[in-house]
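In what follows, a structure is listed as structure tokens, so that the remarks can point back to it.
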Amino acid sequence: MWKTTRKGLAVIYRQEIINDISLFTSAPKATFYDKLFLNLDLSEFPDTTARTGRRGYSKKTLLCAFIVMKCECFSYITDLLDYLNNNLLIAYYCGFDITKPLPSYWTLDRFIRELDNELLQKLMQKIVLQAAELGIIDTSFIAIDSTPVAANTCQNNPKSFAKNKFSKDNHPKSDKDCKLGVHTASNQHNERNYEFYWGYKNHVLVDCITGLPICEMTTTADVVDSTVVPDILSQTNSFLSVDECTFIADKGYDVKAVYNLIKEVYHGDCVIPLNKRNSKNPKKLASGHPICEAGLAMHKDGKFSDNGRTRQKYCCPFKRSKSGSCPCEHKNWNNGKKTRGCTKYVTLPDDYRLSIDRECISFKKIYAMRTEIERYNSRFKSTGQERLWSHGINAARNLNSVAHIAILATAVAAVITKSQCSYRSFRSVKRIA
């Protein structure tokens with residue numbers, strides 16, 4: 001009788017252990033997601049389900065599932081489903097009824113493809129404003145950069161032996177929205193380390209003090225980085241002022257229109273290195289006069305305006321001399337004309353772009369803050385956004401937005417709960433939560 005009772009108790013205890021979902025998830029990780037979703041305000045996010053067919057899942061619940069996907073740095077939905085099925089407590093925190101089956105792969109895939117990206121943009125703006133009220137985010141020093149996001153096509157596979165993989169006439173059939181782009185591995189003008197890819201670009205504006213995103217935008221890969229600046233700044237300024245900001249960017253944004261926009265519209269300062277664009281750097285004297293090929297100081301020969309810029313012309317010192325001779329026998333010396341010898345042109349710094357002193361200490365120290373956006377892009381890629389598993393630009397936009405929202409929501413939750421860890425890292429927050 002005693003053995004039977006003991007066996008029966010063992011069965012009961014085993015059943016209780018199976019029913020206790022908290023035993024299958026580590027306490028710090030469960031606490032992390034509990035705090036994350038408690039401090040994530042989704043009141044304005046639509047909580048609708050399918051009107052026909054089976055009773056669908058709440059959009060808020062599905063969004064929370066994708067936030068878990070990015071916090072765990074999963075690249076595929078299958079990994080997310082395996083994780084939620086093995087950690088039912090986290091699925092419960094997302095809002096799922098764990099007594100019933102979790103959503104299928106196709107339900108999650110359809111949600112991320114058909115969701116209006118404007119809803120995610122409004123949610124991200126709400127979190128940014130919340131972070132600004134907490135004193136986390138500031139727009140005094142902001143930086144912009146783009147990250148390549150490869151499309152889900154075999155033509156991006158380096159092991160593929162297909163011919164003309166990166167020909168514009170050979171567009172991928174699996175993703176009609178993606179475009180051909182080029183990704184450079186260095187910003188140095190004398191290096192030619194680059195590679196082509198089919199896909200998209202994610203442009204993000206980051207606070208250089210905290211390293212958190214302020215605004216983001218996804219475009220096709222063929223869009224030039226500098227052309228996105230007016231749109232992303234206008235979108236940011238619509239909910240958070242960027243007036244009198246210090247705008248930091250790399251050489252890819254060294255365009256006169258960007259300088260004028262920051263100076264005239266937002267009354268800020270630009271910290272952007274000069275992109276020489278294969279221009280030559282002639283030898284000059286301390287007075288600014290260039291030196292010709294023969295080693296002689298050239299003379300000024302008037303100014304003229306061309307394409308909105310003022311240029312100073314310099315000529316050979318023996319230009320009108322009848323007895324002098326060119327020491328290096330320049331090809332333009334014996335040309336049979338009255339004005340002989342070589343000429344050079346120097347663009348005068350009459351605009352904001354050329355008036356910036358890029359050799360001063362303050363410029364170099366401020367530009368060093370741009371490394372913060374490189375760190376953020378590294379964290380963004382680690383969420384699984386370096387290469388897409390879905391197809392279409394709307395899915396790409398939604399996945400990129402969810403990744404930024406997950407990073408922002410984690411930082412805000414860590415500050416509100418006064419976690420003694422760096423809010424920039426998923427691992428440290430989950431470990432100490």
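Atom SG of C215 is separated from atom NE2 of H203 by 11.5 Å, given to the nearest 0.5 angstrom. For the atom pair F45 CZ and L40 CG, the distance stands at 10.0 Å (nearest 0.5 Å). The distance from atom OG1 of T383 to atom CD1 of I407, rounded to the nearest 0.5 Å, is 5.5 Å. Summarising the geometry, atom CG belonging to D207 is positioned 5.0 Å from atom CD1 belonging to I214; distances are rounded to the nearest 0.5 Å. Between the CG atom of D138 and the OG1 atom of T210 there is a distance of 8.5 Å, given to the nearest 0.5 Å. If you take CZ on F363 and CD1 on I248, they are separated by 9.5 Å, rounding to the nearest 0.5 Å.
With D34 contributing its side chain and A30 its backbone, the two residues share no donor-acceptor pair below 3.5 Å. Listed for the N237 side chain is no donor-acceptor partner under 3.5 Å among the backbone atoms of L233. With hydrogens and angles ignored, the 3.5 Å screen pairs no side-chain donor or acceptor of E133 with any backbone N or O of V128. Remark: the backbone N or O of V223 is not paired with any side-chain donor or acceptor of K179 at under 3.5 angstrom. One N or O on the side chain of N156 and one on the backbone of W198 form a donor-acceptor pair closer than 3.5 Å. Between the side chain of Y197 and the main chain of Y200, a donor-acceptor pair closer than 3.5 Å is present. The backbone N or O of R379 lies less than 3.5 Å from a partner atom in the side chain of S382, making a donor-acceptor pair. Counting only distance, with no hydrogens or angles, the side chain of S174 and the backbone of N152 share a donor-acceptor pair below 3.5 Å. Checking side-chain atoms of S234 against main-chain N and O of D231 turns up no donor-acceptor pair under 3.5 Å. E386 contributes no side-chain N or O that, together with a main-chain N or O of K381, makes up a donor-acceptor pair within less than 3.5 Å.
Of all heavy-atom pairs spanning G384 and S75, the tightest one is CA-OG, 3.6 Å. Here the closest heavy-atom approach between residue S146 and residue D225 is recorded as OG-OD2, 3.0 Å. Counting all heavy atoms, side chain and backbone alike, R358 lies closest to Y259 at NH2-OH, 2.9 Å. Scanning all heavy atoms of the two residues, the minimum distance from P46 to L119 falls at CG-CD1, 3.7 Å. Of all non-hydrogen atoms in I272 and D250, the two that sit nearest each other are CG2-O, 3.3 Å. When all heavy atoms are compared, the tightest approach of A143 to R370 is CB-CG, 4.4 Å.
Inspection of the S241 and D243 side chains reveals no N or O donor paired with an N or O acceptor under 3.5 Å. No side-chain donor-acceptor contact under 3.5 Å links K256 and S226. At a cut-off of 3.5 Å, with distance as the only test, no side-chain donor of D175 or T153 sits close to an acceptor on the other residue. Side-chain N/O atoms of Y83 and E72 include a donor and acceptor closer than 3.5 Å. Defined by atom type and a distance below 3.5 Å, a donor-acceptor pair is missing between the side-chain atoms of D269 and T246.
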Just distance, no hydrogens or angles: give the donor-acceptor pairs under 3.5 Å from side chains in residues 398-405, sequence neighbours left out.
from	atom 1	to	atom 2	distance (Å)
N398	OD1	N117	ND2	3.1
N398	ND2	I112	O	2.8
N398	ND2	L115	O	2.9
N398	ND2	N394	O	3.2
N400	OD1	Q385	NE2	2.6
N400	ND2	T218	OG1	3.0
N400	ND2	A396	O	3.1
S401	OG	N117	ND2	3.1
S401	OG	E216	OE2	2.5
S401	OG	R397	O	2.9
H404	ND1	Y376	OH	2.5
H404	NE2	N202	OD1	2.8

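At a threshold of 4.5 Å between non-hydrogen side-chain atoms, the residues V149 and R387 do not count as touching. Two residues are said to be in side-chain contact when any heavy atoms from C-beta on lie closer than 4.5 Å; L408 and P213 meet this criterion. Here the side chains of I90 and V68 are in contact, with some heavy-atom distance below 4.5 Å. In this structure, S140 and I209 have side chains that are not in contact, with every pair of non-hydrogen atoms separated by 4.5 Å or more. Contact of the V229 side chain with the F247 side chain is registered, since non-hydrogen atoms from C-beta on lie closer than 4.5 Å. Between F111 and L63, some side-chain heavy-atom pair lies under the 4.5 Å cut-off. In this structure, the side chains of I142 and V206 stay at 4.5 Å or more apart for every pair of heavy atoms. Contact check for F96 versus P103: side-chain heavy atoms found under the 4.5 Å cut-off.
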**Study point:** side-chain contact (heavy atoms from CB on, under 4.5 Å) evaluation trace for C208 with I373
**Key:** CA-CA 7 Å; C208 292; I373 196 171; 5.9 Å; no
Exercise for review: Take D222 and K201 through the test salt bridge (Lys or Arg N to Asp or Glu O under 4.0 Å) and record every step on the way to the result.
Suggested key: CA-CA 8 Å; D222 60 339; K201 282 183 180 179; over 6 Å; no
Practice item. Starting from the C-alpha separation in whole Å, work towards a yes-or-no answer on side-chain contact (heavy atoms from CB on, under 4.5 Å) for S43 and K126. Key: CA-CA 11 Å; S43 58; K126 187 176 182 180; 3.3 Å; yes
Point to revise | L212 vs I136, side-chain contact (heavy atoms from CB on, under 4.5 Å): CA-CA, chis, key distance, verdict | key: CA-CA 9 Å; L212 294 176; I136 307 173; 3.6 Å; yes
Practice item. Could you give me the CA-CA distance, side-chain angles and deciding distance for F141 and C245, then say whether side-chain contact (heavy atoms from CB on, under 4.5 Å) is met? Key: CA-CA 6 Å; F141 296 90; C245 65; over 6 Å; no
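Screening residues 109-118 for salt bridge (Lys or Arg N to Asp or Glu O under 4.0 Å) gives D109-R113 as the qualifying pairs, with residues at least two apart or on separate chains. Screening residues 402-415 for salt bridge (Lys or Arg N to Asp or Glu O under 4.0 Å) gives no qualifying pairs among residues at least two apart or on separate chains.
Within a 6.0 Å sphere centred on OH of Y105, other residues, nucleotides and ligands contribute more than 12 heavy atoms.
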